[in-house]
2 protein chains.
Amino acid sequence: MTNIQRAKETEAAGEGFLKNIAIDAVIFGFHENQLKVLLIEYKRTGLFGLPGGFIRVEEDLNTAALRVASERTGLTDIYLEQFYVFGDYSRYDPTPFKTIMTANGQSPTEDHWLLKRFLSVGYYALVDFTKVKLAPAAIFDSCNWYDLNEVPTLIQDHTEIIKKALDALCLSLDNKLTGFNLLPRDFTMGDLQTLYETVLGRKLLRPAFQRKMLALGILERVAKKWTGGAHKAPYLYRFVAGNVTNGVI
Amino acid sequence: MTNIQRAKETEAAGEGFLKNIAIDAVIFGFHENQLKVLLIEYKRTGLFGLPGGFIRVEEDLNTAALRVASERTGLTDIYLEQFYVFGDYSRYDPTPFKTIMTANGQSPTEDHWLLKRFLSVGYYALVDFTKVKLAPAAIFDSCNWYDLNEVPTLIQDHTEIIKKALDALCLSLDNKLTGFNLLPRDFTMGDLQTLYETVLGRKLLRPAFQRKMLALGILERVAKKWTGGAHKAPYLYRFVAGNVTNGVI
DNA sequence: TATTATTGTAACATAATGTTACAATAATAA
DNA sequence: TTATTATTGTAACATTATGTTACAATAATA
């Protein structure tokens, strides 16, 4: 038995992970003026859910969250934020995992570690959609982007988790400067405004928005201009962290 | 063996609780214009820490937090807010618990459940100081109010936990109306302002503060007046939840 | 009845935000 | 080349919010 095999067998028994505690990651992306979320489809079950994982016995919680988000997006540098721990007993529902396991030829005993009760630490991630390389379909599942308005029915309380993540993101947009993490390095003021409007779910007035963003003093106007349609070309901007301390203004 | 004895023995083995996950409660009070925090003193050790506890296997996380805060304050209706999960591996430090247990005549084995690694869900509680009836000193520990400026050295990362709770409370004061939970039912505008100033750590201008608070439309002016010193008597106000949805303005 | 300290709020100043308007383009069409 | 079109950048004003000063209105005491 190789070390790798032994490691896998250990993990199959749930050893090597903290008990009763899991991570769920709401990975947001922004593409074609739409807010996207990364979802897992469990093969041969018709079940969908959030990417999740467990914490290794000697691993930092935040590191574990980064690992979970990293595995699916291929990114190593990810803006991640804890937003809530879901710990109601009523959310404990082992049936989806049972379904997923049996659909894959396993017949877990009632006391299988995956069927125990887990609290879940909710993280949301903001990633540059254009940089993400989705993990290829695996044996048990595959992952894909879904428009936030077209999220299928999800296992357990994952729909509620996404809702709460979005609430937290809205607050964060108002208070911090997190929005930029959803955009590529260079973007127009229009891009930024559409992002804000999409996340917040309401229209903003263009002159006020531009004035406010520029007043923050964190946008560098890139000399180059865009080349597009039959109209004045917008400037490109870039986020510069200069005068900001720890994200909070 | 009675059921109670059996229950206690079960808990002594850590059965009946979720593994690897604990709760720490930062219970804030406000008295004589000072922000107080409730701390536990572990007898015969000189150690201090936050009130904490574990989650029963069929208990809601929030219920467990309420239970922890309830046990120490005697209150049943407590404003509680989750603010962060502390999950760094580096915070894992079983020595304080070992000290506490040996000081009380126990000699725990290395793999005693209390000496395992725990993530900790941080909650802060806002309570009406005048209503709290501190739990009487028990065999292992006693609890007391401490001025936030005179917090002793605490076990593990509890000092950092308090700091982060305070940060969260400051944000919450700005965005929500949580401050009232620290005051008795009736209070003067001066009381309210001092509370805000103490928590935020900076002076506020009286006319602007009063105007803003009244504009919120959530303060009912109680007809009665105060009777105090050689000057105009202030009005008493009372918080009315009327036009507020879920605390967020 | 005068004195004192503090309250409640008016009144103004300043800053932030909401709104309208328009000149400045960058592509296309004439 | 020049007009047309759509969109951008921002000025200019309106409105609201906040910061600041000032002062009349007390409630106890002298």
Side-chain angles (χ1 to χ4, degrees), chain A residues 32-33 170-171 173-177 179 183-184 186-239 243-244 248-249, chain B residues 32-33 170-171 173-177 179 183-184 186-239 243-244 248-249:
Chain A
E32 289 177 348
N33 294 343
C170 284
L171 274 179
L173 266 197
D174 280 346
N175 302 321
K176 304 184 190 180
L177 307 162
L183 292 175
D186 298 343
F187 50 86
T188 69
M189 199 55 80
D191 295 336
L192 188 59
Q193 187 174 340
T194 316
L195 165 64
Y196 269 70
E197 290 177 340
T198 309
V199 175
L200 297 175
R202 62 190 164 89
K203 286 283 167 190
L204 302 171
L205 288 167
R206 196 170 54 86
F209 181 79
Q210 165 135 340
R211 192 205 301 144
K212 191 167 180 174
M213 286 298 135
L214 292 182
L216 289 174
I218 51 157
L219 291 186
E220 182 187 13
R221 182 177 282 183
V222 181
K224 267 189 357 176
K225 295 182 183 184
W226 194 254
T227 159
H231 53 76
K232 187 174 177 178
Y235 287 102
L236 284 174
Y237 294 89
R238 190 177 295 174
F239 174 76
N243 359 6
V244 188
V248 188
I249 36 174
Chain B
E32 289 178 345
N33 294 343
C170 283
L171 274 179
L173 267 197
D174 280 344
N175 301 320
K176 304 183 188 181
L177 307 163
L183 292 175
D186 298 342
F187 50 87
T188 69
M189 198 56 78
D191 295 336
L192 188 59
Q193 186 175 341
T194 315
L195 166 64
Y196 269 70
E197 290 178 340
T198 309
V199 174
L200 297 175
R202 61 190 164 90
K203 286 282 168 194
L204 302 172
L205 288 167
R206 195 170 55 87
F209 182 78
Q210 163 136 340
R211 191 204 302 144
K212 191 168 180 174
M213 285 299 135
L214 292 181
L216 290 173
I218 50 158
L219 290 185
E220 182 188 13
R221 181 176 283 183
V222 181
K224 268 189 357 175
K225 296 184 182 182
W226 193 254
T227 159
H231 52 76
K232 187 174 177 180
Y235 286 103
L236 283 173
Y237 293 90
R238 189 177 295 176
F239 174 75
N243 0 5
V244 188
V248 187
I249 36 175

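Here the structure is a predicted model, which means the values were calculated and not measured. As a basis for the values below, the full set of heavy atoms in this structure was taken, side chains included, without hydrogen atoms, waters or symmetry mates. In what follows, chains carry the letters A, B, and so on, assigned in the order in which the sequence lines appear, proteins first and then strands, with residues in each chain numbered from 1.
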Inset, instruction - Look at B:Q210 and C:dT9 and indicate whether a side-chain polar atom (N or O) is within less than 4.0 Å of OP1 or OP2. - result: yes
[X] [atom1] to [N] [atom2], straight-line distance once rounded to whole Å:
| X | N | atom1 | atom2 | result |
| --- | --- | --- | --- | --- |
| B:L205 | C:dT7 | CG | P | 15 Å |
| B:K232 | D:dA28 | NZ | P | 13 Å |
| A:L219 | D:dG9 | CG | P | 12 Å |
| A:Q193 | D:dG9 | CD | C1' | 13 Å |
| A:Y235 | D:dT8 | OH | P | 13 Å |
| A:R221 | D:dT8 | CZ | C1' | 10 Å |
| A:L214 | D:dG9 | CG | C1' | 9 Å |
| B:F209 | D:dA17 | CZ | P | 18 Å |

Legend entry - Ring-face cation of B:R221 near B:Y237 (centre distance under 6.0 Å, axis angle within 45°): no
Inset, instruction - Go ahead and name the base partner of D:dT16; Watson-Crick or wobble counts if both distances stay under 3.5 Å, otherwise write none. - result: C:dA15
Legend entry - Complement of D:dA25, any strand, by Watson-Crick or G-U distances under 3.5 angstrom: C:dT6
Legend entry - A:T188 side chain to A:D191 side chain, donor-acceptor N/O pair below 3.5 angstrom: yes
Legend entry - Touch class at under 4.0 angstrom, heavy-atom based, for A:A233 against every strand present: sugar-phosphate
Legend entry - Residue met sooner reading DNA chain D from 5', once A:R211 and A:Y237 are mapped to nucleotides: A:Y237
Legend entry - Within the 6.0 Å centroid threshold, strictly below: B:F209 and B:Y196: yes
Per [X] side chain, nearest of listed nucleotides [options]:
| X | options | answer |
| --- | --- | --- |
| B:H231 | C:dG8, D:dT10, C:dT6 | C:dT6 |
| B:P207 | D:dT8, D:dT21, C:dT19 | D:dT21 |
| A:P234 | C:dT7, D:dG19, D:dT8 | D:dT8 |

Legend entry - Test item: A:D174 and B:N175 side chains (from C-beta on) under 4.5 Å apart, heavy atoms: no
